[in-house]
Colleague: 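Starting off with a structure, shown below.
What you see is a predicted model; the values in this text were computed from it and never measured.
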Amino acid sequence: MNISKITSPHFDTAVTYARRIAGGKVLANKDRFFACQRFLDDLKRRDLDFRQDQFDFVIGLIEGTVHHVRGEDAKGRSLKGTPMYLTDWQKFICVNLFGFFRKGTDIRRFNEALIFLPRKQGKTSFSAALAEAKSILDRESGAVTYIVANSVKQTMESFGFLRDNVHVMQDDVKKLRVRDNNQEHSISIDFGDGTADIYAIANQEDKLDSLNCNCLILDELHSWKRAGAKKYTLMKNAMKAYRNKLLIGISTAGDIPNGFLANRIKTLQGVLNGTVKEKAYDSYFIFICKADQDTEGNIVNSKGEVAALNDPEVLQMCTPSIGTTVTLEELLDDADQAMSEPQLRTEFLNKTLNIFTNALTAYFEIEEFRASDQQYDWTLEQLAKLPILWYGGADLSKLHDLTAGALYGTYKDVDICITHAFFPRTAAVKKSDEDNIPLFGWEEDGWLTMSNTATVLPDDIVKWFIFMKQMGFKIKMVGFDKKFGREFFLKMKKTGFRIKDQPQLFYVKSEGFRRIEVKVKNKKFYYLHSDAFEYCVQNVRAIEKTDDMIQYEKVDGDGGVMRIDLFDAGVFSCCQMLDDMALGDIGAKWLNRGSE
């Protein structure tokens with residue numbers, strides 16, 4: 001790639017920005033460091049072209065015609081009506097999005113982007129201005145842009161910004177039409193040589209199926225459940241008629257750590273650091289600003305040391321507009337309040353440090369489970385050969401819902417929980433969409449079996465226990481409350497398993513719950529990296545009772561029914577093991593003589 005002919009001052013700004021961060025001269029989080037290094041490396045590639053005309057047009061248009069509609073600068077002076085001058089990180093994004101092209105073509109390299117920022121970084125005005133500039137740039141193709149958010153109120157933030165700005169073009173265009181009523185929020189501009197249409201709509205699936213556009217701005221991605229992947233794909237498909245298309249996801253973090261955005265960020269972080277190498281992500285621009293975390297989810301500084309919420313270094317690392325839209329003093333004040341008042345902590349973590357947390361009602365911190373699980377890497381085949389006594393448990397659905405089986409054992413002071421889910425295929429599509437549960441992903445990963453009957457039959461779970469026994473797992477007994485499935489109870493006994501009636505009483509399950517909790521905190525708990533088990537763990541809500549007892553249930557669902565069945569089956573299994581351990585060395589003698 002020949003960049004010696006590039007004369008744009010905006011290019012110089014982007015390169016200087018990238019070199020300063022990649023060179024460690026500016027405090028920045030790891031993901032931003034990798035993004036800058038990626039840019040510098042891409043400038044050396046020979047399979048891409050790099051040109052300045054389009055990003056010069058975009059930046060020039062924004063800075064020359066767009067003005068602020070509200071707000072104050074860092075010194076308290078009003079910004080209303082003043083030109084919108086882009087910060088270095090905003091120019092860096094523009095240079096990336098509109099500078100790289102596929103070799104020998106006029107097709108831009110990037111057609112997807114994620115801009116993941118803490119609150120109050122100017123993302124709403126920047127994304128709106130970017131949508132306007134791209135629409136005008138691509139007007140000859142009949143540009144259509146949709147700004148999509150969860151509510152009309154949120155989309156109106158962007159639309160109101162654009163509505164206040166486009167009137168300055170009135171003398172330079174053939175026709176300008178603005179519609180802003182209860183039925184439609186749109187801007188249509190006819191330049192004579194092309195048109196640019198911009199619509200602001202709420203995130204309602206019945207409105208998304210008929211979209212046809214070349215640019216999408218998706219706001220508030222943090223609120224999408226895992227099933228949001230379907231919606232995201234639906235929106236991507238709306239741009240297939242165009243080559244120079246662009247889908248931009250722009251968001252802060254939230255309290256759905258197993259949702260669509262949280263999982264996508266894990267993948268995109270892998271793209272930046274080089275662990276994910278699929279060619280498909282070469283067309284994905286990634287700009288992630290968040291506090292760095294260690295494997296246990298703790299916030300860390302630039303040296304990798306655990307840091308407090310009010311560490312100035314951490315706040316600077318994750319805030320690209322510090323000193324412009326927000327000051328360090330303001331951030332420190334917010335941090336001090338979050339440390340003093342627990343009720344403010346989650347919001348501070350989500351919106352200022354930009355990291356995902358569990359919902360306020362969730363009992364467990366999933367990062368603790370992951371940190372423990374990552375210490376071990378036994379496979380099923382290896383576990384089957386180890387001298388471990390296994391104890392089973394099952395949680396059967398009433399009709400066509402999630403059913404779970406589990407095996408629990410301990411080896412060298414490490415508790416191991418193997419879980420498997422079951423679901424009827426005929427109901428899977430509907431339930432996956434309605435309840436935001438990633439059933440097909442679990443099936444693909446081997447954590448779930450789809451039954452071909454209208455409901456999950458007891459035979460399906462019995463066959464799984466038989467399969468595990470044939471693999472070599474020495475299953476001593478299985479616990480199950482026969483009131484919730486006498487047929488399963490009888491079939492297991494008929495097949496030769498020792499099955500124990502285990503009532504689902506909270507004071508009975510409390511001991512197993514506490515055992516798992518203690519093992520997790522001491523990094524002595526392993527669940528074979530199961531995404532399905534993690535999903536259930538994050539949905540557990542627990543209430544402390546007297547005498548250290550605990551009663552747990554599902555968290556309240558938002559847009560779907562939450563599941564804890566795999567975790568529940570694991571607790572049943574753990575209780576069986578604890579009951580048997582109370583009998584002394586009987587279990588060891590039983591293991592030595594083999595399974596029954």
Side-chain angles (χ1 to χ4, degrees), residues 3 6-43 50-68 71-75 77 79 82-100 110 113-131 133-134 248 250 252 272 285-292 302 312-328 330-331 352 354:
I3 60 172
I6 303 297
T7 59
S8 169
H10 305 311
F11 174 69
D12 294 338
T13 298
V15 170
T16 300
Y17 177 81
R19 285 176 176 167
R20 283 175 59 79
I21 288 180
K25 295 180 180 179
V26 174
L27 283 172
N29 60 305
K30 289 186 295 185
D31 299 314
R32 198 155 33 129
F33 165 86
F34 287 126
C36 289
Q37 189 59 57
R38 182 192 193 194
F39 170 67
L40 296 174
D41 292 341
D42 288 345
L43 291 175
F50 188 82
R51 301 199 295 268
Q52 71 180 57
D53 54 319
Q54 292 196 8
F55 66 72
D56 272 349
F57 175 86
V58 167
I59 295 173
L61 180 73
I62 293 174
E63 295 194 325
T65 67
V66 177
H67 62 264
H68 293 281
E72 297 175 341
D73 64 16
K75 296 182 178 180
R77 295 172 299 200
L79 287 173
T82 63
M84 182 177 169
Y85 295 120
L86 299 182
T87 62
D88 289 354
W89 68 265
Q90 291 170 334
K91 289 185 179 181
F92 172 78
I93 289 175
C94 292
V95 168
N96 271 274
L97 292 179
F98 299 99
F100 289 103
F110 292 117
L114 175 67
I115 303 174
F116 187 60
L117 299 166
R119 183 178 286 169
K120 304 306 176 188
Q121 302 302 300
K123 68 180 180 65
T124 299
S125 57
F126 176 58
S127 61
L130 202 59
K134 184 190 179 301
I248 301 178
I250 186 162
T252 56
L272 290 177
F285 174 75
I286 308 159
F287 191 75
I288 297 174
C289 298
K290 61 179 290 295
D292 288 335
S302 61
E313 188 176 274
V314 170
L315 295 169
Q316 291 177 70
M317 287 168 65
C318 66
T319 312
S321 290
I322 197 163
T324 304
T325 61
V326 66
T327 66
L328 179 59
E330 291 172 323
L331 296 176
T352 301
N354 210 26

Colleague: Got a donor-acceptor contact below 3.5 angstrom from the Ser127 side chain to the Thr124 backbone?
Modeller: yes
Colleague: How long is the gap from CG on Leu43 to CZ on Arg38, to the nearest 0.5 Å?
Modeller: 12.0 Å
Colleague: Could you grab the distance from atom CD of Gln52 to atom CD1 of Ile59, nearest 0.5 Å is fine?
Modeller: 10.5 Å
Colleague: Quick one, Ile21 and Trp89 - any side-chain contact, counting heavy atoms below 4.5 Å?
Modeller: no
Colleague: How many angstroms lie between OG in Ser125 and CG in Leu130, if you round to the nearest 0.5 Å?
Modeller: 11.0 Å
Colleague: Sequence neighbours left out, what passes salt bridge (Lys or Arg N to Asp or Glu O under 4.0 Å) with Asp42? Give chain and number order.
Modeller: Arg45, Arg109
Colleague: For the rings on Phe55 and Phe50, is their centre-to-centre separation under 6.0 Å?
Modeller: yes
Colleague: Any donor-acceptor pair under 3.5 Å linking the side chain of Asn29 with the backbone of Ile288?
Modeller: yes
Colleague: Can a donor-acceptor pair be found, under 3.5 Å and without considering hydrogens, that links the side chain of Gln316 to the backbone of Ile322?
Modeller: no
Colleague: Can you confirm whether Arg51 is buried at CZ, in the sense that more than 12 heavy atoms of other residues, nucleotides or ligands lie under 6.0 Å from that atom?
Modeller: yes
Colleague: Could you pull out the closest heavy-atom pair between Cys289 and Asn354, with the gap in Å?
Modeller: O-ND2, 2.8 Å
Colleague: Taking distance alone, no hydrogens or angles, what donor-acceptor pairs closer than 3.5 Å link side-chain atoms of residues 90-100 to residues at least two apart or in another chain?
Modeller:
unit_1 : atom_1 : unit_2 : atom_2 : d
Gln90  : OE1    : Thr87  : N      : 2.9
Gln90  : OE1    : Thr87  : OG1    : 3.3
Asn96  : ND2    : Phe92  : O      : 2.9

Colleague: Say whether, by atom type as modelled, one donor and one acceptor occur between the side chain of Thr327 and the main chain of Glu330 under 3.5 angstrom.
Modeller: yes
Colleague: At what distance, to the nearest 0.5 angstrom, does CD1 of Ile250 lie from CZ of Phe116?
Modeller: 11.5 Å
Colleague: Is there a donor-acceptor pair closer than 3.5 Å between any side-chain N or O of Arg32 and the backbone N or O of Met317?
Modeller: yes
Colleague: Between Ile62 and Met84, is any pair of side-chain heavy atoms under 4.5 Å apart?
Modeller: yes
Colleague: Could you state the interatomic distance from OG1 (Thr82) to NE2 (His68), rounded to the nearest 0.5 Å?
Modeller: 4.5 Å
Colleague: Can you give me the closest heavy-atom contact between Ala133 and Leu61, atom names plus distance?
Modeller: CA-CD2, 3.5 Å
Colleague: So which of Phe287, Phe285, Phe39 actually passes ring-ring contact (aromatic ring centres under 6.0 Å, His included) with Phe110?
Modeller: Phe285
Colleague: Okay, side chain of Thr13, backbone of Asp88: is any donor-acceptor separation there less than 3.5 Å?
Modeller: no
Colleague: Does Gln37 reach the main-chain N or O of Ala22 with its side chain, forming a donor-acceptor pair under 3.5 Å?
Modeller: no
Colleague: First locate atom CZ of Phe33, then atom CG of Asp292, and finally report the distance between them rounded to the nearest 0.5 Å.
Modeller: 11.5 Å
Colleague: Is the backbone N or O of Thr319 less than 3.5 Å from a side-chain atom of Gln121, with the two atoms forming a donor-acceptor pair by type?
Modeller: no
